[in-house]
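Convention: sequence-line order gives letters A, B, ...; per-chain numbering from 1. As the structure is a prediction and not an experimental result, all values here were calculated from the model.
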Amino acid sequence: MNSDHYHRIWKTVQSVPSGKVASYGQIADLAGLPGRARLVGKALGYVPDNMQVPWYRILRSDGKIAFPAGSEDAVRQIGLLQQEDIVVLNHRVKLAQFQWQPDLAELLFKLEY
DNA sequence: ACCTTGACATTGG
DNA sequence: GCCAATGCCAAGG
């Protein structure tokens, strides 16, 4: 395992603003780990308690919640998204309206590696 | 080293 | 849009 990768993933997720969402693959790319979307999911399962990471803003590439519909995790995630006025219908978010578009500030963030 | 397991993504029907 | 097949890649046995 590579905790350096995990750390980069957590930091990248922290850059997703409230009210916006991103996909696992998008986070992997921005973290400098193209092709490793699955690693993002794994990293979000090991977020340190002391760190504040908006894991719930990360969705599948088609906007669907990754957890099984009806599961406790899914219900909690949907609740948190709705607190940020993100609309969740049929277990999915309309990316066209809520997907995060990294700006120049984020590009600078990326250059730090 | 081999096999299995995912909070994934893309493509084709 | 749903489903199945593939490709993918790090972790853990």
### Task
Using atom CZ of A/R38 as one end and atom P of C/dA11 as the other, report the distance to the nearest whole Å.
14 Å
#### Entry: Whole-angstrom distance between B/dA7 and C/dT6, as gauged at atom P
22 Å
### Query
Contact boundaries of DNA chain B with chain A (under 4.0 Å, heavy atoms), 5' to 3'?
B/dG6 to B/dT10
### Message
Any side-chain to backbone donor/acceptor pair from A/W10 onto A/A43? Under 3.5 Å, distance only.
### Response
yes
### Message
Without decimals, in angstroms, what is the distance between A/L39 CG and C/dG12 P?
### Response
11 Å
### Summary
Atom CD1 of A/I9 and atom P of C/dA10 are separated, to the nearest Å, by 11 Å
### Spacing of A/R36 atom CZ relative to C/dC9 atom C1', expressed in whole Å
8 Å
### Message
Main chain of A/Q52, side chain of A/Q14: is a donor-acceptor contact present, judged purely on distance under 3.5 Å?
### Response
yes
### Query
When all nucleic acid strands are considered with a 4.0 Å heavy-atom cut-off, which category describes A/L44: base, sugar-phosphate, or nothing?
base
### Query
To the nearest angstrom, how far is A/Y46 atom OH from C/dG12 atom C1'?
9 Å
### Query
Just by distance, do the side chain of A/Q26 and the backbone of A/A37 share a donor-acceptor pair under 3.5 Å?
no
### Query
Stem ranges for DNA chain C, with three or more consecutive Watson-Crick or G-U pairs under 3.5 Å?
B:2-6 with C:9-13, B:8-13 with C:2-7
### Task
Output yes when a side-chain donor or acceptor of A/D62 lies under 3.5 Å from a complementary backbone atom of A/K64, and no otherwise.
yes
#### Entry: N/O donor-acceptor pair under 3.5 Å between A/S71 side chain and A/F67 backbone
no
### Task
For the pair A/Y46 and A/Y6, name the ring-plane relationship: parallel under 30°, tilted 30 to 60°, perpendicular over 60°.
parallel
### Task
Would you kindly give the NZ-to-C1' distance between A/K64 and C/dC2, to the nearest whole Å?
8 Å
### Task
Decide, yes or no, whether a salt bridge links A/R57 with A/E84 under the criterion of side-chain N to carboxylate O below 4.0 Å.
yes
